[in-house]
Amino acid sequence: MAATVKRLSVILFLAALTLLSGCIFSPEKKAPRKTVPKIEYLKPISPSSALQNLIAAYQNRDSVQTDLVYADDYDGTSTDPSLPTQIPAFSKADEVRHVGRLKLDPNIVSVFLDLGSLGTWQVLDGYASDPPGWKIIPINNQTVRIEDISRATTWQSQNQVIEYTFKPTFVPGAPAEEDTTWTVVRWTEIAN
(Lines give C-alpha, C1' and ligand atoms only; values in the text may rest on other atoms or scores of the structure.)
Protein backbone atom coordinates (compact mmCIF):
# COMPACT_ATOMS: atom_id res chain seq x y z
CA MET A 1 0.00 0.00 0.00
CA ALA A 2 2.85 2.39 0.82
CA ALA A 3 4.35 1.69 -2.62
CA THR A 4 1.03 2.48 -4.28
CA VAL A 5 0.70 5.78 -2.37
CA LYS A 6 4.31 6.63 -3.24
CA ARG A 7 3.70 5.85 -6.95
CA LEU A 8 0.47 7.87 -6.93
CA SER A 9 2.30 10.81 -5.30
CA VAL A 10 5.01 10.72 -7.99
CA ILE A 11 2.37 10.58 -10.76
CA LEU A 12 0.43 13.49 -9.23
CA PHE A 13 3.66 15.48 -8.82
CA LEU A 14 4.61 14.93 -12.49
CA ALA A 15 1.09 15.82 -13.62
CA ALA A 16 1.23 19.04 -11.60
CA LEU A 17 4.59 19.95 -13.19
CA THR A 18 3.16 19.29 -16.64
CA LEU A 19 0.14 21.50 -15.98
CA LEU A 20 2.28 24.31 -14.60
CA SER A 21 4.64 24.28 -17.55
CA GLY A 22 1.86 24.11 -20.14
CA CYS A 23 0.61 21.30 -22.25
CA ILE A 24 3.36 19.36 -23.98
CA PHE A 25 1.22 19.24 -27.13
CA SER A 26 0.51 22.99 -27.30
CA PRO A 27 2.45 25.00 -29.88
CA GLU A 28 5.54 26.89 -28.81
CA LYS A 29 4.71 30.36 -27.59
CA LYS A 30 6.71 33.18 -29.15
CA ALA A 31 7.53 36.45 -27.51
CA PRO A 32 5.23 39.24 -28.68
CA ARG A 33 6.61 41.21 -31.61
CA LYS A 34 7.97 44.61 -30.84
CA THR A 35 5.92 47.10 -32.81
CA VAL A 36 7.62 50.17 -34.12
CA PRO A 37 5.31 53.16 -34.42
CA LYS A 38 4.75 54.19 -38.02
CA ILE A 39 6.36 57.48 -38.94
CA GLU A 40 3.90 59.96 -40.40
CA TYR A 41 5.29 62.10 -43.20
CA LEU A 42 3.69 65.22 -44.61
CA LYS A 43 2.44 65.44 -48.17
CA PRO A 44 5.26 67.31 -49.94
CA ILE A 45 2.96 70.08 -51.20
CA SER A 46 5.39 72.88 -50.28
CA PRO A 47 9.14 73.28 -49.97
CA SER A 48 8.71 73.52 -46.17
CA SER A 49 6.83 70.22 -45.92
CA ALA A 50 9.43 68.52 -48.14
CA LEU A 51 12.19 69.84 -45.85
CA GLN A 52 10.32 68.63 -42.76
CA ASN A 53 10.13 65.17 -44.38
CA LEU A 54 13.88 65.29 -45.05
CA ILE A 55 14.55 65.99 -41.36
CA ALA A 56 12.19 63.22 -40.19
CA ALA A 57 13.62 60.71 -42.69
CA TYR A 58 17.19 61.51 -41.64
CA GLN A 59 16.54 61.31 -37.90
CA ASN A 60 14.56 58.08 -38.33
CA ARG A 61 17.21 56.71 -40.70
CA ASP A 62 14.51 56.00 -43.28
CA SER A 63 16.22 55.47 -46.64
CA VAL A 64 12.91 54.75 -48.43
CA GLN A 65 11.54 58.19 -47.51
CA THR A 66 14.93 59.76 -48.19
CA ASP A 67 14.66 58.43 -51.74
CA LEU A 68 11.29 60.21 -52.10
CA VAL A 69 12.58 63.52 -50.71
CA TYR A 70 15.33 63.99 -53.31
CA ALA A 71 14.82 64.64 -57.03
CA ASP A 72 16.48 62.19 -59.41
CA ASP A 73 18.74 64.98 -60.72
CA TYR A 74 19.74 66.09 -57.19
CA ASP A 75 23.18 67.63 -56.77
CA GLY A 76 24.69 68.25 -53.34
CA THR A 77 27.85 70.28 -52.81
CA SER A 78 29.88 71.07 -49.74
CA THR A 79 32.60 73.70 -49.79
CA ASP A 80 35.21 74.09 -47.09
CA PRO A 81 37.78 76.82 -47.91
CA SER A 82 40.16 75.39 -45.29
CA LEU A 83 40.57 72.10 -47.22
CA PRO A 84 43.25 71.76 -49.90
CA THR A 85 40.91 69.94 -52.32
CA GLN A 86 37.25 70.26 -53.19
CA ILE A 87 34.77 67.79 -51.65
CA PRO A 88 33.12 65.65 -54.38
CA ALA A 89 29.45 66.35 -55.17
CA PHE A 90 26.72 64.13 -53.70
CA SER A 91 24.06 62.39 -55.76
CA LYS A 92 20.61 61.17 -54.72
CA ALA A 93 22.04 57.63 -54.51
CA ASP A 94 24.81 58.89 -52.17
CA GLU A 95 22.24 60.47 -49.83
CA VAL A 96 20.05 57.34 -49.78
CA ARG A 97 23.09 55.09 -49.21
CA HIS A 98 24.29 57.32 -46.35
CA VAL A 99 20.92 57.15 -44.56
CA GLY A 100 20.74 53.39 -45.19
CA ARG A 101 24.17 52.95 -43.60
CA LEU A 102 23.05 54.92 -40.56
CA LYS A 103 20.13 52.49 -40.20
CA LEU A 104 22.11 49.28 -40.74
CA ASP A 105 25.11 50.10 -38.55
CA PRO A 106 24.30 48.84 -35.02
CA ASN A 107 27.01 51.13 -33.64
CA ILE A 108 25.13 54.29 -34.68
CA VAL A 109 22.96 54.84 -31.61
CA SER A 110 21.47 58.23 -32.45
CA VAL A 111 21.07 60.64 -35.32
CA PHE A 112 19.96 64.23 -34.84
CA LEU A 113 19.28 66.95 -37.41
CA ASP A 114 18.10 70.43 -36.45
CA LEU A 115 17.55 73.07 -39.13
CA GLY A 116 15.99 75.61 -36.80
CA SER A 117 12.31 76.15 -36.23
CA LEU A 118 9.86 76.13 -39.11
CA GLY A 119 8.97 79.74 -38.31
CA THR A 120 12.51 80.85 -39.15
CA TRP A 121 12.52 79.28 -42.63
CA GLN A 122 12.12 81.75 -45.44
CA VAL A 123 11.05 80.39 -48.83
CA LEU A 124 12.71 82.42 -51.59
CA ASP A 125 12.47 82.31 -55.37
CA GLY A 126 15.23 80.36 -57.11
CA TYR A 127 18.18 82.06 -58.77
CA ALA A 128 17.81 83.64 -62.23
CA SER A 129 19.76 80.69 -63.64
CA ASP A 130 17.29 78.17 -62.12
CA PRO A 131 14.28 76.88 -64.05
CA PRO A 132 11.01 78.77 -63.38
CA GLY A 133 9.24 77.91 -60.14
CA TRP A 134 12.23 76.61 -58.19
CA LYS A 135 12.39 77.74 -54.54
CA ILE A 136 15.20 78.04 -52.00
CA ILE A 137 15.19 77.76 -48.21
CA PRO A 138 18.45 79.11 -46.72
CA ILE A 139 19.40 77.73 -43.30
CA ASN A 140 21.82 79.81 -41.24
CA ASN A 141 21.77 77.80 -38.04
CA GLN A 142 21.84 74.01 -38.16
CA THR A 143 23.14 71.06 -36.18
CA VAL A 144 23.86 67.51 -37.34
CA ARG A 145 24.96 64.99 -34.72
CA ILE A 146 25.68 61.27 -35.15
CA GLU A 147 26.73 59.11 -32.19
CA ASP A 148 28.89 56.06 -32.97
CA ILE A 149 29.58 53.79 -29.97
CA SER A 150 32.14 51.64 -31.81
CA ARG A 151 34.46 54.63 -31.92
CA ALA A 152 33.10 56.23 -28.75
CA THR A 153 32.67 59.39 -30.77
CA THR A 154 30.04 61.91 -31.63
CA TRP A 155 30.36 63.48 -35.05
CA GLN A 156 28.86 66.95 -35.11
CA SER A 157 28.53 69.74 -37.62
CA GLN A 158 27.09 73.05 -36.60
CA ASN A 159 26.31 76.52 -37.90
CA GLN A 160 27.28 76.13 -41.53
CA VAL A 161 25.39 78.10 -44.15
CA ILE A 162 23.15 75.75 -46.11
CA GLU A 163 20.74 76.25 -48.98
CA TYR A 164 18.12 73.71 -49.97
CA THR A 165 16.71 74.21 -53.46
CA PHE A 166 13.35 72.67 -54.32
CA LYS A 167 11.89 71.67 -57.64
CA PRO A 168 8.12 71.54 -58.21
CA THR A 169 6.50 68.62 -59.99
CA PHE A 170 2.96 68.95 -61.31
CA VAL A 171 0.75 65.95 -60.51
CA PRO A 172 -1.95 65.52 -63.17
CA GLY A 173 -5.41 64.81 -61.77
CA ALA A 174 -4.49 65.68 -58.18
CA PRO A 175 -6.72 68.01 -56.11
CA ALA A 176 -5.82 71.69 -56.53
CA GLU A 177 -4.13 71.96 -53.12
CA GLU A 178 -1.99 68.89 -53.91
CA ASP A 179 -1.35 69.36 -57.63
CA THR A 180 2.32 70.20 -57.07
CA THR A 181 4.80 68.15 -55.07
CA TRP A 182 8.26 69.32 -54.10
CA THR A 183 11.61 67.54 -53.97
CA VAL A 184 15.12 68.68 -53.03
CA VAL A 185 17.05 69.20 -56.25
CA ARG A 186 20.12 70.96 -54.87
CA TRP A 187 21.89 71.25 -51.53
CA THR A 188 24.75 73.67 -51.00
CA GLU A 189 26.82 73.91 -47.83
CA ILE A 190 29.58 76.39 -47.12
CA ALA A 191 31.72 75.72 -44.06
CA ASN A 192 32.52 78.74 -41.93
Side-chain angles (χ1 to χ4, degrees), residues 39 41-42 44 46-169 181-192:
I39 303 159
Y41 292 101
L42 302 171
S46 70
S48 297
S49 61
L51 190 55
Q52 287 174 290
N53 287 343
L54 181 146
I55 294 167
Y58 193 79
Q59 289 191 147
N60 289 292
R61 301 179 252 181
D62 184 346
S63 59
V64 173
Q65 181 65 31
T66 299
D67 186 65
L68 298 173
V69 168
Y70 291 99
D72 289 337
D73 53 343
Y74 166 78
D75 182 40
T77 58
S78 181
T79 305
D80 186 343
S82 68
L83 295 177
T85 60
Q86 189 69 355
I87 299 168
F90 304 102
S91 68
K92 175 181 180 173
D94 294 330
E95 297 289 1
V96 171
R97 194 172 19 260
H98 168 67
V99 171
R101 181 190 171 278
L102 293 175
K103 177 75 169 183
L104 295 174
D105 188 336
N107 296 310
I108 304 295
V109 293
S110 74
V111 176
F112 176 76
L113 174 61
D114 179 12
L115 299 178
S117 69
L118 178 62
T120 64
W121 297 352
Q122 184 178 10
V123 180
L124 307 173
D125 289 333
Y127 293 113
S129 59
D130 289 336
W134 283 23
K135 300 292 183 187
I136 297 171
I137 297 179
I139 304 292
N140 296 317
N141 189 8
Q142 59 82 28
T143 301
V144 180
R145 187 171 52 246
I146 301 170
E147 293 183 65
D148 183 341
I149 60 171
S150 67
R151 297 181 182 150
T153 59
T154 299
W155 180 86
Q156 184 163 316
S157 170
Q158 198 166 358
N159 295 332
Q160 300 192 31
V161 178
I162 296 177
E163 283 185 351
Y164 289 93
T165 304
F166 300 85
K167 165 177 147 174
T169 302
T181 61
W182 294 84
T183 53
V184 178
V185 69
R186 187 173 59 227
W187 170 78
T188 307
E189 170 189 64
I190 301 170
N192 51 4

Residue pairs, two or more places apart or on separate chains, that pass salt bridge (charged side-chain N to carboxylate O under 4.0 Å, His left out) and touch residues 101-110: R101-D105

Looking only at non-hydrogen atoms, find the nearest pair between V99 and S63 and report the distance. CG1-N, 3.7 Å

For P47, enumerate each residue passing the side-chain contact (heavy atoms from CB on, under 4.5 Å) test, keeping only those at least two apart in sequence or located in another chain. V123, K135, I137, F166, W182

To the nearest 0.5 Å, atom CG of D148 lies from atom CG of L102 at 9.5 Å

Assess whether side chain to side chain contact (heavy atoms under 4.5 Å, CB included) is satisfied between N60 and Q65, documenting all intermediate values. CA-CA 10 Å; N60 289 292; Q65 181 65 31; over 6 Å; no

Where I136 and P138 come nearest, the two heavy atoms and their spacing: O-CD, 3.7 Å

Determine the minimum heavy-atom distance between K92 and Y74, stating which atoms define it. N-CD2, 3.5 Å

T79 and Q86: which non-hydrogen atoms are nearest, and at how many Å? OG1-NE2, 3.6 Å

Output the distance between atom OG1 (T120) and atom CD1 (I139), rounded to the nearest 0.5 Å. 6.0 Å

4.5 Å side-chain heavy-atom contact, E95 and Y58: no

Hey, what do you get for CD1 (I55) to CG (L115), rounding to the nearest 0.5 Å? 4.0 Å

To the nearest 0.5 Å, tell me how far T77 OG1 sits from E163 CD. 9.5 Å

Using side-chain heavy atoms (C-beta onward) and a distance below 4.5 Å, is L113 in contact with T143? no

Inspect the surroundings of CG in D72 and state if more than 12 heavy atoms from other residues, nucleotides or ligands are less than 6.0 Å away. no

Separation between CG of N53 and CG of L42, rounded to the nearest 0.5 Å: 5.0 Å

To the closest 0.5 Å, what do you measure between OH (Y41) and CG (L68)? 9.5 Å

Taking all non-hydrogen atoms of both residues into account, name the closest pair between I162 and Q142 and its distance. CD1-CG, 3.5 Å

Atom of W134, atom of P168 and distance for their closest heavy-atom approach: CD1-CD, 3.7 Å

For the OH atom on Y127, are there more than 12 heavy atoms of other groups (residues, nucleotides or ligands in this structure) within a distance under 6.0 Å? no

Under the side-chain contact (heavy atoms from CB on, under 4.5 Å) test, which residues partner S78, sequence neighbours left out? I87, F90, W187, E189

